[in-house]
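So that the names make sense, note that chain A is the first sequence line, chain B the second, and so on, each numbered from 1.
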There are 2 protein chains.
Amino acid sequence: MSTLSLAEENYLKAIYHLSASSKKQVSTNAIAERLTTKPASVSDMIRKLSEKKVITYVKYQGVNITDEGKKYALNVIRKHRLWEVFLVDKLKFNWDEVHEIAEQLEHIHSPLLISRLDEFLDFPKFDPHGDPIPNEDGVISTRPRMVLSGLSSGTSCLLVSMKDTGVVFLNYLDKIGLKIGTKLKITEVYEFDGSMEVEADQENSMTISKQVADNLLVVSE
Amino acid sequence: MSTLSLAEENYLKAIYHLSASSKKQVSTNAIAERLTTKPASVSDMIRKLSEKKVITYVKYQGVNITDEGKKYALNVIRKHRLWEVFLVDKLKFNWDEVHEIAEQLEHIHSPLLISRLDEFLDFPKFDPHGDPIPNEDGVISTRPRMVLSGLSSGTSCLLVSMKDTGVVFLNYLDKIGLKIGTKLKITEVYEFDGSMEVEADQENSMTISKQVADNLLVVSE
DNA sequence: ATATACTTTTAGATTAGCCTAAAAAATGTA
DNA sequence: TACATTTTTTAGGCTAATCTAAAAGTATAT
Ligand SMILES: [Mn+2]
Ligand SMILES: [Mn+2]
Ligand SMILES: [Mn+2]
Ligand SMILES: [Mn+2]
């Protein structure tokens with residue numbers, strides 16, 4: 001597979017993500033919406049991408065990504081997530097500030113750069129949002145996300161994402177000291193209202209309501 | 001000044017470098033040669049750049065960069081050189097492997113990224129080739145390069161560049177343990193043939209011929 | 001001073017990536 | 001099944017960045 005332009009890479013990545021989440025063909029409109037372009041532009045581009053064999057496509061029937069295309073997309077995703085780790089771990093960005101910059105950095109072409117970066121970051125397996133980083137062959141470690149409120153007492157886990165991303169909720173989390181990457185241990189679950197006692201980063205204990213726990217996504221440690 | 005496209009940034013940088021080295025107007029052909037494009041393309045682009053006020057230009061009379069343009073070009077150069085430091089200092093690239101990658105990285109837009117990177121690298125003043133890194137305001141520390149053979153006994157300096165960049169010479173330097181960044185101290189100069197005794201990195205002493213010293217560019221420590 | 005050579009600009013084309021408007025196909029509904 | 005709605009494609013146009021070929025301007029050299 002030859003090398004794709006920046007625009008082609010972004011389309012392919014969008015198609016990859018859409019087909020990962022829905023399993024059936026990806027529609028023109030879905031791609032257009034995700035990339036905030038017009039369906040007419042998408043029609044043009046998918047013709048080009050199917051000529052390059054990274055997707056297959058039957059008119060009016062939507063798009064499927066090929067194995068080649070998947071591999072290419074996963075490489076872009078790998079770069080995006082490695083750069084996000086770099087920005088957070090090394091340059092002290094917050095996890096919510098890095099996406100736009102990684103959108104640019106993911107298009108830098110240099111396999112050697114990426115393998116050196118991977119090494120420099122100590123071969124991270126997950127990005128700052130808890131998403132897995134594909135390896136050079138496009139293989140991803142799976143680590144299913146769970147809702148905190150579904151877990152039972154004694155469980156240890158890592159906070160990787162929030163369902164509610166509104167500013168009110170995020171401010172509240174900030175205030176009580178919870179953020180992406182915080183290690184949590186459930187020490188008690190109260191049956192009557194579903195609230196729970198958790199220990200954050202092996203340090204401070206706190207009580208959180210069921211409503212809060214419903215919005216915290218974690219992975220097992 | 002608004003933001004320029006990748007192509008515009010590359011043209012402006014080329015014009016900056018050409019005007020820095022020649023002092024008079026920059027010719028269409030010189031720009032075309034530096035960027036390996038055609039003069040016709042350059043004519044198009046300089047019209048656009050002068051509309052954006054980063055250069056001034058009179059038909060058939062060549063191009064001058066404006067203060068605004070200089071500031072913009074210096075910012076791109078700043079990014080290029082900071083990324084080169086990153087690649088060498090942190091990712092363990094050799095100084096001769098980093099230019100092409102920095103050509104891509106220099107176009108990433110994010111002032112915050114660059115100030116964080118600068119801090120992460122400990123505010124370097126020079127890139128791995130010994131070229132100065134402009135600060136945020138475009139101010140560059142000057143540190144004139146000298147030919148090693150022109151210096152006298154007792155002088156300490158830093159090897160920043162070679163005049164002869166042929167593979168034979170570079171291999172020879174590799175063999176005797178001299179490379180960009182090596183600290184040199186001249187301990188003896190032999191009048192009769194201009195050869196000299198130098199101490200490299202405060203460790204091993206060696207004798208180098210005048211012919212070799214003629215090709216080594218250094219800056220004072 | 002004039003012919004020749006070189007440099008620079010213009011004219012016209014091409015490709016990538018996007019758009020709007022309209023046509024065509026697919027889907028949903030009565 | 002037939003009509004209406006939605007989705008998708010096509011047609012045609014625009015801008016950025018490039019090119020080739022030709023015209024126009026500048027410099028050089030006898
Ligand atoms: Mn991201
Ligand atoms: Mn992107
Ligand atoms: Mn460089
Ligand atoms: Mn560049």
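- When side chains are defined from C-beta on, A:Thr66 does not count as touching A:Lys53, because their heavy atoms never get closer than 4.5 Å.
- Positionally, the nearest nucleotide of DNA chain C for B:Ser27 lies more toward the 5' end than for the other of B:Ser27 and A:Pro39.
- Counting only residues at least two apart or in different chains, ring pair (Phe, Tyr, Trp, His ring centres under 6.0 Å) contacts with residues 103-140 of chain A comprise A:Trp95-A:His129.
- Atom CZ in A:Arg47 sits roughly 11 Å away from atom P in D:dA11 (whole-Å rounding).
- A:Ala40 comes within contact range of at least one nucleobase, with a heavy-atom separation under 4.0 Å.
- The side chain of B:Ser41 sits closest to D:dT18 out of D:dT9, D:dT18, C:dT9.
- OP1 or OP2 of D:dT8 has at least one side-chain nitrogen or oxygen of A:Asn29 nearer than 4.0 Å.
- Listed nucleotides: D:dT18, C:dC18, C:dT9. Nearest to the side chain of B:Asp44: D:dT18.
- Between the side chain of B:Glu84 and the backbone N or O of B:Pro128 there is no donor-acceptor pair closer than 3.5 Å.
- Contacts between residues 54-65 of chain B and DNA chain C, counted as heavy-atom distances below 4.0 Å, involve B:Tyr57, B:Lys59, B:Tyr60.
- The side chain of A:Thr28 lies closest to D:dT8, out of D:dT20, C:dT9, D:dT8.
- Using a 30° and 60° split on the angle between ring planes, B:Trp83 and A:Trp83 fall in the perpendicular class, above 60°.
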